[in-house]
Structure formats: structure tokens, C-alpha cells
There are 2 protein chains.
Amino acid sequence: MPAQSSPPRTDTRPGGRSARVRAAVHQAVKELLTDEAGDALTIPVIAARAGVHATTVYRRWGSVGELLADVATSRFSGDVVVPDTGSLREDLERYAYDLAKDLSDPDTLALVRAIVGTGGEGAGVCRMERQRQLEAIIEREQARGNRVPTVDRAVEALLAPLYYRAVFTDQALSPEWARGLVSHLLPE
Amino acid sequence: MPAQSSPPRTDTRPGGRSARVRAAVHQAVKELLTDEAGDALTIPVIAARAGVHATTVYRRWGSVGELLADVATSRFSGDVVVPDTGSLREDLERYAYDLAKDLSDPDTLALVRAIVGTGGEGAGVCRMERQRQLEAIIEREQARGNRVPTVDRAVEALLAPLYYRAVFTDQALSPEWARGLVSHLLPE
DNA sequence: CCACTAACGCAACGATCACTGCGAGGTTTC
DNA sequence: GAAACCTCGCAGTGATCGTTGCGTTAGTGG
């Protein structure tokens, strides 16, 4: 176990030097994830691509796994706004559509696959944020006094097919198909 | 692109020398996948664990990715027998139960995650065999003249939640939960 | 304006990796 | 039984990786 490797220590103000190399390294990781076969994703290569020295990357992140986890965290945080249309069905349809569009991005997909390959510790990062958004939608509907499916059911019916199709198959995540998932979760 | 690297060339008879080192290397990969963090999965390490020389592994497989694909192929082929109880519901329940038990094995799970991480070309291997079995169950029921869900629906309702929960979460794949998936696919 | 802290660049090091001729041992075929 | 073929072990090579000590530079607070 690599201790806990102090997270991005201090200094992450949007103009600072640290923030700049951080952005450059993140960008390099995303680019390499789409280009290369995936096994060539190593610290010296990332550092060269980012225009920084490998030493810096080793000191700040320590390993490719932690770096990927960091990239995933900043990638999957507060990116999809939770829909709020007043209708559960419509909220879920927009949510499924947004998630499908997000997972259709090759960069995002490659990132998810790489994260899964690092051992699964960071795999939760790729889904917890989405699951929280789903919970928020359902709890809001429940607060309106309506019957709602359980969160687990919603995860099985929406999140699971979206992630499964994206990660394990080559099929496209069409908007119609994503909406169809909602109709199976909420039978008329 | 590494050409196509001739697949396990010749000589795979169950007693031959090639078959023996092949089995040893496969076993070593499975063991290392469970032990290590995953990033230490390299050819020399695998070879040392298997008791063979790295040269042999390089020549026969060429890269870790191809080796993983080979392991996955022999792991996911003809292992789960397709249930045939005469009842679609019962067939699917047994199928879901078997798959849940299979994915609960840490070795199998680590293999699936590693395969996904190599880029996704070999990810299909982990699911195609299962999907064919699902198709066989459904087509058999259809041949009996009964109404059946589409294969895509069955994949979304069974395969996707099973793989999603196994790969992305740490929750256990309990038999009751697996059976519950079938009851959502086949209402009534 | 000046000292202080922290992040980065630089150079060097051992270790490991991926790969390549060459020879030995086993298996098949005539 | 002998020759041809394939597979594996062995030793060595260049390249890359992960890591560390030290000087430099950029931001921070008095």
C-alpha cells in the first residue's frame, strides 16, 4: 500500500504554477488515453507529453493509478447538471440522455476503461457521482409524495445498461435507446 | 499495430510440452491478477511465476494484452452449461445465478477488469459467450411458441446489472438479488 | 521590499523490461 | 531408427522506468 500520498498538497488556485502543470498533465493523460493502445501509459511518457519533467509527476501523484484516479475525480465532478423538470420520467430521460452522451465521448470511455483496469479502487469514482445524481432525482420525486422505484432498481435499469454497453460492447449509445431504458423502469 | 501475431501456433494437444507451459502461464496470470495491484503484471514476472523463461512468453504471446485475451478466451469458453429446465423463468434464474457465482470469483473478476483495461478489444470475449448462452435460452423458449423478451432487453436486464455491479461496485452478487433481476425482466 | 516556503527542473543511479541470436531437448514423420 | 521441425532455455543488449539529491524559480507573508 502506497501510504495515502498526500493529495494535491496545497496551492490549487486557478492561476498558480501547480494548477497549470496539473491541467497540463491531466490533458496529456486524456490525449494519451485516446491515442495509444493503453499499455504505453507511463509516467515519463505522460510527463513528456505535458511538457513537464517526470520527477514532478512522480512527486505529485506517485503512480499512474493515482494520477488516473485524480483525472477521473476532476472529470466526473459537477459536470452533469441534475435535471429538474418537475416530472420524474422527464428528469430520468434527460439524465439518461446526458449520461449516454457523456459516455459516448471516446476520451471519457477510455478513461473509464483505464480506471477499471487499475484494480477497481478508483472505479467507484466513475459511478458514485452519477449515482448521487440519480438518488437526488428520485428523492426529489419522493418528496413530492409520489411512489418511486428504489435507487438500486434505478441503478440496475439505467446506470448498469449504459455503463455495460459503453464499456463491454462497441454499440452506439443512441438517445432513443437511452430513453427506452427509462420506459422499462417506469412502466406506464 | 503489432501485426496479428500468429495465434498459439501449433501443438496444443493436452499432453504436449506446449500445452504444459501454456497451462502454467495461464495459472500464473490468474494468480498474479489476484495478488498484485495489477500494474506489476509484466511478462518477466509472469514467466518467473510460471517457472518458464520470459523468452518463451514473448515468443508465444508477444504482449501482456494478447496473453490476457488468450486467458480470457479459454476461461470463458464452455464453462457455464446452458440450463434447460423447460421453463424460461427457471432457465434464466439458473443462468443468472451461475453467472453471479462465476463473477463472484475474485480471479474471474480481476481478469475481467484487467481485460477491460487493456483497451476493450478483448472485452467482447468476456461477454460474447454469455450473451450467446442467453440467446440460446430465449430462442429455445421462442421455438416453443411462447412470447419472449428481445435479446437486447435480456442483456440490459440481466447481463448489464451483473457485470456492472461486479466491475464497478464492491457489493456482493447474492443469489437472491440475481434472481430478482429475472423477476423484473419477466413481470407477473 | 525582503525572507520564507513550496513546487519544479536537472542529472544521475540502479533495476527492470522488451527483445534477439544461438544451442539443446523433445516430438513428429518417413 | 534417423532426419526434420518445433519449442524452450540461456546469455546478452539497448531502452525505458522509477527514484533520489540538489539547485533554481515562482508564489506568500511580514
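On a predicted model such as this, the values are computed, not experimentally measured, just so you know. Proteins get letters first, then strands, A, B, ... in listed order; numbering begins at 1 in each.
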| task | Would you sort out whether A:Asp107 and A:Arg75 count as a salt bridge (charged side-chain N to carboxylate O under 4.0 Å, His left out), showing the intermediate values? | result | CA-CA 10 Å; A:Asp107 295 33; A:Arg75 172 70 183 79; over 6 Å; no
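Atom CD1 of B:Ile46 is separated from atom P of C:dT16 by 16 Å (rounded to the nearest Å). The nearest whole Å value for the distance from the CZ atom in A:Arg60 to the C1' atom in D:dT19 is 18 Å.
Axis orientation changes by 30° from one end of the helix from C:dC1-D:dG30 to C:dC30-D:dG1 to the other, with each end axis drawn from 5 pairs and the value rounded to 10°.
Ion pair A:Arg49/A:Asp35 flagged as a salt bridge, since at least one NZ, NE, NH1 or NH2 atom sits closer than 4.0 Å to an Asp/Glu carboxylate oxygen. The pair B:Asp70-B:Arg22 meets the salt-bridge criterion, with a side-chain N (NZ, NE, NH1 or NH2) lying under 4.0 Å from an Asp/Glu carboxylate O. One finds a salt bridge joining B:Asp84 and B:Arg144 here, because a Lys/Arg side-chain nitrogen approaches an Asp/Glu carboxylate oxygen to under 4.0 Å. By the 4.0 Å N-to-carboxylate-O rule, A:Arg153 lies close enough to A:Glu156 to be salt-bridged with it.
The shortest distance between the side-chain N/O atoms of A:Arg20 and the OP1/OP2 oxygens of D:dG27 is below 4.0 Å. In terms of phosphate contacts, B:His53 brings no side-chain nitrogen or oxygen within less than 4.0 Å of OP1 or OP2 of D:dC8.
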Can you give me the N/O atom pairs linking the protein to nucleotides 18-21 of chain C at distances under 3.5 Å, or say none if there are none?
residue: C:dA18; atom: OP2; partner: B:Thr42; partner atom: OG1; Å: 2.9
residue: C:dA18; atom: OP2; partner: B:Tyr58; partner atom: OH; Å: 2.6
residue: C:dA18; atom: O5'; partner: B:Tyr58; partner atom: OH; Å: 3.1
residue: C:dT20; atom: O4; partner: B:Thr55; partner atom: OG1; Å: 3.4
residue: C:dG21; atom: O6; partner: B:Arg59; partner atom: NH2; Å: 2.9

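Between the side chains of A:Tyr164 and B:Arg127, at least one donor N or O lies within less than 3.5 Å of an accepting N or O. Donor-acceptor pairing under 3.5 Å is recorded for the side chains of A:Thr85 and A:Asp91.
For the pair A:Tyr163 (side chain) and B:Tyr163 (backbone), a donor-acceptor distance under 3.5 Å is absent.
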